[in-house]
Amino acid sequence: MAWTRNDMAARAAKELRDGFYVNLGIGIPTLVANHIPPGISVTLQSENGMLGMGPFPYEGEADPDLINAGKQTITELDSSSYFSSADSFAMIRGGHIALSILGGMQVSQTGDLANWMVPGKMVKGMGGAMDLVAGVRRVVVVMDHVEKSGAPKFLGACNLPLTGAGVVDLLITDLGVFEIDRKGSGARLTELATGVTVEEVRSKTEAAFDIAV
Amino acid sequence: MAWTRNDMAARAAKELRDGFYVNLGIGIPTLVANHIPPGISVTLQSENGMLGMGPFPYEGEADPDLINAGKQTITELDSSSYFSSADSFAMIRGGHIALSILGGMQVSQTGDLANWMVPGKMVKGMGGAMDLVAGVRRVVVVMDHVEKSGAPKFLGACNLPLTGAGVVDLLITDLGVFEIDRKGSGARLTELATGVTVEEVRSKTEAAFDIAV
Amino acid sequence: MASKLRDDAAAALTGALFDGMTIMSGGFGLCGIPENLIAAIRDSGVRGLTVISNNCGVDGFGLGLLLATGQIDKMISSYVGENKLFEQLYLSGRLQLEFNPQGTLAERIRAGGAGIPAFFTRTGVGTLVAEGKEVRDFDGELYLMERGLTADLAIVKAWKGDAEGNLIYRKTARNFNPMMATAGRVTVAEVEHLVPVGDLDKDAIHTPGIFVDAVFQGARFEKRIEQLTTRPKEVA
Amino acid sequence: MASKLRDDAAAALTGALFDGMTIMSGGFGLCGIPENLIAAIRDSGVRGLTVISNNCGVDGFGLGLLLATGQIDKMISSYVGENKLFEQLYLSGRLQLEFNPQGTLAERIRAGGAGIPAFFTRTGVGTLVAEGKEVRDFDGELYLMERGLTADLAIVKAWKGDAEGNLIYRKTARNFNPMMATAGRVTVAEVEHLVPVGDLDKDAIHTPGIFVDAVFQGARFEKRIEQLTTRPKEVA
């Protein structure tokens, strides 16, 4: 019985620490905001140029001048500030964001990430993903463990074009959690989803990993 | 009868055009602001981070948070704006300032300028001078034609450490005006101060120059 | 001083357009885009454009208008394809596309306006983005060299502006507009509110007037929302 | 959230000081300098400092205080020597000095905070500043490669700030403060007016709180004027 999307988001939320500045990607990472542990306060950055993202606006109160990086209407908080996209990515590239949680298509055992392009399909672009994985201090990827076809997504080496090489610190899938050493010393399985066995993970994984559960 | 400091400033002011954004150095260049021709409006930039410099404040109204690049108290205008020093020099380096008028110790016939350092004397630093001559679209130097000792200051090559190489477009001295080609095609004497002869200029100049008066 | 004030978008663009030119256009998605200037560029009929903009609008709005008329030859963007037409034009080879990571694009434009011909960034090392670019080790880390970007024309949209060209943007509509204002050989700004010189807070001006060649108050702003997301009002 | 608010300069610097460290200090001349933090650094007795600051204060004020106590080993500046002591220390070999053109210094700090390890600039080509640096041709023009600058600690001074660390500077007291706030591994800010979170105009915040680790309201600000220049009041 693997983790649900919400379970994965809840697990990712455990990576948050009080006072963290965090950037959340589209999809499951967005759900992480619903699972922030009590007593912990984090500030959400939106890479188009905002710090201190608030929740969606009430019906009828959306402001076209206030959107997040997913182009959704949002709100501001008392603590919010706005800045240009150049200043926003200076913040990201300069290592000022503590944590980025984003989705993935493939992750390799050395922390490579592919999540922006499938050759042969229409390419929409990498947006800010390459900057985020290159600049943010700690990168957590949340993704399904296998393709719909059953093909593994945690690989020895990605075969899709990379978003970044050696950039992932932690991989959370529906089957468990892997710590990855960016410098190439390998991956370790550190947690299993409820009812999932090491054997199941092994059978669905191409990447080499040590067991530390 | 050579030009006075005020004459030189007045001559430099003729280089101003309506709508110009201008940076004026310390000394004679500062006097240029007193000679802005009627019908011409220019905006003065101060490289510490201000556009639209106003005159000195009235007695008793100086604001310690409002100084120019010479560290003098100044005032703002309705049109003024403030920005960081990084943004200020981005403006300068990016070629957005039309004209810089500054003082010089030595100028060469190829437009080299030395105005920041005399070896053996205490060096106070170049401040923003190197950025200004490298970034501003047109650079005018105003200086006495010779040293107090009588030694020429418009030379074949500067012997003082340079502020910039091939950066001066126009040289105004107490004896006349020289157009200089930055690309090295030479200097031309285009104006003589009242009562000054070409022979006098020649005798007090080391640089080679054509005559176009 | 010769005024920078213009009556409308067409007047503000007079003399600034030519076939084959490069135009930077501010905005992120449909947020903070120069609506009036884009429409005027469409109406001008100028062709063969290279457009530098983070996105390319949607069908029938924003830069999508210039796709529909076939005026754009090439886009330099970080994320596109919010509209069907873009995909058709691209797949049929009628539209060239250069992808830049969003932060690299923003920094390239900032560098172009700041007189910096090239800089190094970690972004894109080991990816397709690195192809053909210099990779260099600084203190044991690898970085790519990226070049500054300028354009023949930058079109930007601000919330408030004055006749000196001083501009203030609002909330996340700021995005790429301030850098682009610095990187156009000619920069034209449309504002929602034209205010008297002196009304803007001098410490809060985002774009000093030096960067702006022409400014006008937009006739009307649609300010379309791309993805309306809301929550129900809590009942007391 | 763990508060960034501190009672005073000494509390704000707790744990941030060590001998031999590099400190960036905001301000241009005596304008916009972190007066309270400089005094607290003097009182801490920390030694062997490398200080990055455009200038080095005057005798008895600003960074001149740290010269008087011999705490500074090296300055990285664009213009110094407004005080006699500086000259004495330098000429007697007790103080090292690295000159940077003012714009290059500002940009190096901006780059350091922005994750840019190096960039190219025309400034200084063909001068002493170019010694030992890579010179490179871009499109027929020569440029120098300059490196990004960071520091163990950045001390900045703002006009208004809140407990989140959001800062707004006033007039030309802004100068080097915003870039330095981004380039310190630890950044401490002193403000003239501490205001409730939410009071600052969100579009006008110069330094978002993410860059600030500790903030306090300065006990008193002398705000000394270096060169008082005035004109007589016109009589009506």
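Below, chain A is the first sequence line, B the second, and so on; all start at residue 1.
- Between Arg93(A) and Asp131(A) there is no salt bridge, since no side-chain N of the basic residue sits under 4.0 Å from a carboxylate O of the acidic one.
- Donor-acceptor pairing under 3.5 Å is lacking for the side chains of Arg188(A) and Thr190(A).
- Heavy atoms closer than 4.5 Å to chain A are found in both the backbone and the side chain of Val80(C).
- Judged purely by distance below 3.5 Å, without hydrogens or angles, the side chains of Thr75(A) and Tyr58(A) never pair a donor atom with an acceptor atom.
- For Phe209(A), the CZ atom counts as densely surrounded, since its 6.0 Å shell holds more than 12 non-hydrogen atoms of other residues, nucleotides or ligands.
- In this structure, the portion of Asn68(A) lying under 4.5 Å from any heavy atom of chain C is its backbone and not its side chain.
- With a 4.5 angstrom heavy-atom cutoff, Asn54(C) does not touch chain A via any of its atoms.
- Ranked by heavy-atom pairs shorter than 4.5 Å toward chain C, the options Ala86(A), Gly127(A), Gly49(A) are led by Gly127(A).
- Between Gln45(A) and Ser88(A), the side chains place a donor N or O and an acceptor N or O closer than 3.5 Å (distance only, hydrogens not considered).
- Between Lys74(C) and Glu98(C) a salt bridge is recorded (basic side-chain N to carboxylate O distance below 4.0 Å).
- Among the candidates Pro55(A), Ser46(A), Ala134(A), Pro57(A), the residue making the largest number of heavy-atom pairs closer than 4.5 Å to chain C is Pro57(A).
- Heavy atoms closer than 4.5 Å to chain A are found in the side chain of Pro178(C), but not in its backbone.
- Side chain of Thr30(A) to backbone of Gly25(A): a donor-acceptor contact under 3.5 angstrom is found.
- The candidate from Pro232(C), Gly124(C), Gly32(C) with the greatest count of non-hydrogen atom pairs under 4.5 Å with chain A is Pro232(C).
- Here CD of Gln109(A) is found 11.0 Å from OG of Ser185(A). Values are rounded to the nearest 0.5 Å.
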Report the C-alpha distance between Thr172(C) and Tyr82(A) in whole Å, list the side-chain angles of each, state the deciding distance to 0.1 Å, and finish with yes or no for side chain to side chain contact (heavy atoms under 4.5 Å, CB included). CA-CA 6 Å; Thr172(C) 58; Tyr82(A) 300 103; 4.0 Å; yes
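- Around NZ of Lys202(C), the count of heavy atoms belonging to other residues, nucleotides or ligands within 6.0 Å exceeds 12.
- In this structure, Arg170(C) pairs ionically with Asp63(A), as a charged nitrogen and a carboxylate oxygen lie closer than 4.0 Å.
- The backbone N or O of Gly209(C) sits less than 3.5 Å from a side-chain atom of Asn166(C), completing a donor-acceptor pair.
- Interface check for chain C: of the options Ile74(A), Ile92(A), Val123(A), the most heavy-atom pairs under 4.5 Å are formed by Val123(A).
- Only the side chain of Phe86(C) comes within less than 4.5 Å of a heavy atom of chain A; its backbone N, CA, C and O stay farther away.
- Neither the backbone nor the side chain of Ser80(A) comes within less than 4.5 Å of any heavy atom of chain C.
- Using a 4.5 Å cut-off on side-chain heavy atoms (C-beta onward), Phe216(C) and Leu37(C) make contact.
- Distance check: Ile23(C) CD1 to Leu66(C) CG gives 7.5 Å after rounding to the nearest 0.5 Å.
- When Ala129(A), Pro64(A), Ala165(A) are compared by the number of non-hydrogen pairs under 4.5 Å with chain C, Pro64(A) comes out ahead.
- Proximity to chain A among residues 126-151 of chain C is limited to Gly126(C), Thr127(C), Leu128(C), Val129(C), judged by heavy-atom separations below 4.5 angstrom.
- No other option in Ala114(A), Ala90(A), Pro161(A), Ser84(A) has as many heavy-atom pairs under 4.5 Å with chain C as Ser84(A).
- For the pair Arg110(C)/Phe89(A), no side-chain contact is recorded, criterion being any heavy-atom separation below 4.5 Å from C-beta on.
- Inspection of non-hydrogen atoms places Lys223(C), Ile225(C), Glu226(C), Gln227(C), Leu228(C), Thr229(C) of residues 220-229 of chain C under 4.5 Å from chain A.
- Interface check for chain A: of the options Arg108(C), His206(C), Glu82(C), Glu87(C), the most heavy-atom pairs under 4.5 Å are formed by Glu87(C).
- Contact annotation: the side chain of Ile155(C) approaches that of Ser25(C) to within less than 4.5 Å [non-hydrogen atoms, C-beta and beyond].
- Among Met117(A), Glu76(A), Met130(A), Lys71(A), the residue with the largest count of heavy-atom pairs under 4.5 Å with chain C is Lys71(A).
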